[in-house]
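When reading the values below, keep in mind they use all heavy atoms of this one structure, side chains included, and skip hydrogens, waters and symmetry mates. Along the sequence shown, the residues carry numbers beginning at 1. Atoms within a ligand are numbered from 1 in the order they appear, just like the ligands themselves.
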Amino acid sequence: MIIQPQIQGCVARNCHPIGCRAAVAQQIASVKAAGPFNGPKRVLVLGASSGFGLASRIALAFGAGADTIGVSFERGPSDKGIGSAGWYNNIWFRQAAEQEGRIAVNLIGDAFSDAMRQQAIASIRQQLGQVDLVVYSLASGIRLLADGTQVRSVLKTTGQPFSGWGLDLEHDSLVQQSLAPATPEEIRDTVTVMGGEDWQLWLQALQQADCLAPGVQTVAYSYIGPESTYPLYRDGTIGYAKEHLHATAEAINLQLAALGGHAWVSVCKALVTKASAYIPVLPVYLGLLMGVMKERGVHEGCIEQMQRLFASKMYGPRGVVADGNRLIRMDDHELDPAIQAAVSALWSKVTPDNFHALGDFAGLRRDFMQLNGFELAEVDYGAPVNESALTELTP
Ligand code: NAD
Ligand code: NA
């Protein structure tokens with residue numbers, strides 16, 4: 001079978017499994033090139049199959065020699081299709097990690113469920129004994145609560161409606177998008193799905209099960225962004241959820257004190273991932289930002305961000321490097337006033353006719369395609385993919 005990309009709006013409907021292998025290999029090579037660091041040896045990654053979670057897992061396994069258990073929600077091949085990119089990322093990661101003698105376990109299922117917490121606890125006991133680090137990198141539009149209620153997050157603003165140019169990845173064009181103000185219920189629901197409650201449930205369950213090693217650390221990922229994006233993010237429903245996540249870090253930090261452990265939030269830079277491509281208007285900011293940051297030589301992708309986070313801002317010679325609010329700032333380059341001034345100047349001029357000339361929308365698009373295994377230079381997309389061989393692969 002020859003696999004062609006199917007993009008619908010800003011969602012990829014399929015993936016190229018062999019391309020996913022090349023993308024994972026590229027991330028591994030990037031971490032190896034950056035050199036080893038003295039990081040945690042036993043790690044649980046929640047949301048391990050793509051984006052920041054996958055990059056974290058790769059940085060820790062191949063940079064610090066960590067054994068890892070990764071939890072994610074992904075689809076394998078079936079009569080409905082080839083399966084999701086994250087499904088293959090898990091498999092290719094495990095194969096590469098095992099080749100270097102690392103333990104790599106993939107748990108597939110709902111990270112919001114108690115059943116998955118119990119499965120992870122059993123796996124930690126069996127494979128690792130305890131963990132030194134828990135990475136919380138879930139991004140989801142829906143959370144199933146223990147009582148069976150389904151809660152949905154929304155991407156809306158608060159206060160006044162907000163509209164601007166958005167990016168249509170399917171047609172490579174700009175389209176008007178708007179964010180309506182959320183109702184109080186929508187804000188609350190988004191906090192339930194994307195806030196810190198589930199992170200805390202994980203750390204409580206792990207601590208009760210004696211799965212956390214002395215000095216354990218946990219980190220969750222957040223975004224703040226520049227003032228120009230506040231209506232889209234910080235003052236939107238997702239911003240409320242992140243505010244809750246930040247507050248939860250303090251509660252978990254207190255809980256971990258008994259073990260000499262700590263909970264942190266890492267505020268990352270805006271990057272193309274499955275989750276971020278879905279936020280209205282933000283990808284236009286991102287395309288302009290990528291252009292400016294590349295021009296100034298400070299661009300980072302997911303893997304460079306996570307490698308720098310662990311090697312120099314969490315496990316480097318200075319230990320954890322955080323700001324006065326105990327936030328680890330990986331958005332330092334993005335928020336550089338000179339960079340923001342350049343982005344704002346471009347943003348005020350951007351139109352459907354000139355956007356390619358003003359920002360790195362080709363780079364953004366390529367990153368998006370590569371998340372799904374497409375447009376990698378080293379892959380021969382004319383070569384047929386052996387579906388039955390893929391069906392035999394297990395997570
Ligand atoms: P992503 O979509 O690439 O990854 C999400 C991960 O969560 C995947 O591994 C997916 O399988 C997993 N997942 C989702 N629902 C699940 C469930 N019910 N059970 C188990 N696993 C589940 O997203 P991402 O952009 O890497 O986001 C990760 C975190 O980083 C989020 O908290 C996000 O807000 C944050 N962040 C992202 C950006 C950005 O620009 N992309 C910037 C700063 C912070
Ligand atoms: Na992730």
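Against a heavy-atom cut-off of under 4.0 Å, E74 is close to the following atoms of ligand 1: 10 (C), 11 (O). Residue G51 approaches ligand 1 through these ligand atoms, each under 4.0 Å from one of its heavy atoms: 3 (O), 26 (O). In summary, the atoms of ligand 1 found under 4.0 Å from a heavy atom of K274, numbered by their order in the structure, are 2 (O). Listed by number with element, the atoms of ligand 1 under 4.0 Å from a non-hydrogen atom of S137 are 5 (C), 6 (C), 7 (O), 28 (C), 29 (C). Close contacts between ligand 1 and A48 involve ligand atoms 9 (O) [criterion: under 4.0 Å to a heavy atom]. For ligand 1, the atoms sitting less than 4.0 Å from at least one non-hydrogen atom of A275 are 2 (O), 23 (O), 25 (O), numbered in the order shown with element in parentheses. Close approach to S72 involves these atoms of ligand 1, each under 4.0 Å from a residue heavy atom: 9 (O), 11 (O), 20 (C), 21 (N). Against a heavy-atom cut-off of under 4.0 Å, S140 is close to the following atoms of ligand 1: 15 (N).
Among D331, I224, D110, L371, the residue whose heavy atom lies nearest to atom 18 (N) of ligand 1 is D110. Between M116, R75, R57, K242, it is K242 that holds the heavy atom closest to atom 33 (C) of ligand 1. For atom 7 (O) of ligand 1, the choice among A85, S49, A139 with the nearest heavy atom turns out to be A139.
Ion pairing between R329 and D332 fails under the 4.0 Å rule for side-chain N and carboxylate O.
Note: an N/O pair closer than 3.5 Å links F52 and ligand 1 by distance alone. At least one N or O atom of G109 sits closer than 3.5 Å to an N or O atom of ligand 1. At least one N/O-N/O distance between L271 and ligand 1 falls below 3.5 Å. Between Y223 and ligand 1, no pair of N/O atoms sits closer than 3.5 Å. For a threshold of 3.5 Å applied to N or O pairs, the pair formed by F112 and ligand 1 contains no separation below that value. Remark: ligand 1 and C268 share no N or O pair separated by less than 3.5 Å (distance only, no angle test). For ligand 1, none of its N or O atoms has an N or O atom of S222 under 3.5 Å away.
Ligand 1 is never approached by R143 to a heavy-atom distance shorter than 4.0 Å. G86 does not count as a contact of ligand 1, since none of its heavy atoms falls under 4.0 Å from the ligand. Distances shorter than 4.0 angstrom occur between a heavy atom of K269 and an atom of ligand 1.
At distances below 3.5 Å, at least one donor-acceptor pair connects side-chain atoms of S344 with backbone N or O atoms of Q340.
Using a 4.5 Å heavy-atom cutoff, the side chains of I252 and W264 are not in contact. Here the side chains of R326 and N253 are in contact, with some heavy-atom distance below 4.5 Å.
The other members of the hydrophobic cluster of Y240, by chain and number, are I187, V191 (side-chain heavy atoms under 4.5 Å, ILVMFWY only).
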What verdict does the side-chain hydrogen bond (donor to acceptor under 3.5 Å, both in side chains) test give for E74 and S84, after you've listed the backbone C-alpha separation in whole Å, the side-chain angles of each residue and the deciding distance to 0.1 Å?
CA-CA 6 Å; E74 299 293 347; S84 57; 2.6 Å; yes
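Cation-pi check for R234 over Y230 is met; the charged atom lies under 6.0 angstrom from the ring centroid and within 45 degrees of its normal. Annotation: cation-pi geometry satisfied between R21 and W92 (NZ/CZ under 6.0 angstrom from ring centroid, within 45° of ring axis).
Atom CE of M330 sits about 4.5 Å away from atom CD of Q305, to the nearest 0.5 Å.
Y136 has its ring centre no less than 6.0 Å from the ring centre of Y221. Between F361 and F355, a ring centre-to-centre spacing shorter than 6.0 Å is recorded.
Taking a 6.0 Å sphere around CD of Q160, one finds it holds 12 or fewer heavy atoms contributed by other residues, nucleotides or ligands.
Taking both residues in full, the closest heavy atoms of G363 and M290 are given as C-CE, 3.6 Å, listed atom of the first, atom of the second, then distance.
Counting heavy atoms closer than 4.0 Å to ligand 1, residue A220 contributes nothing at all.
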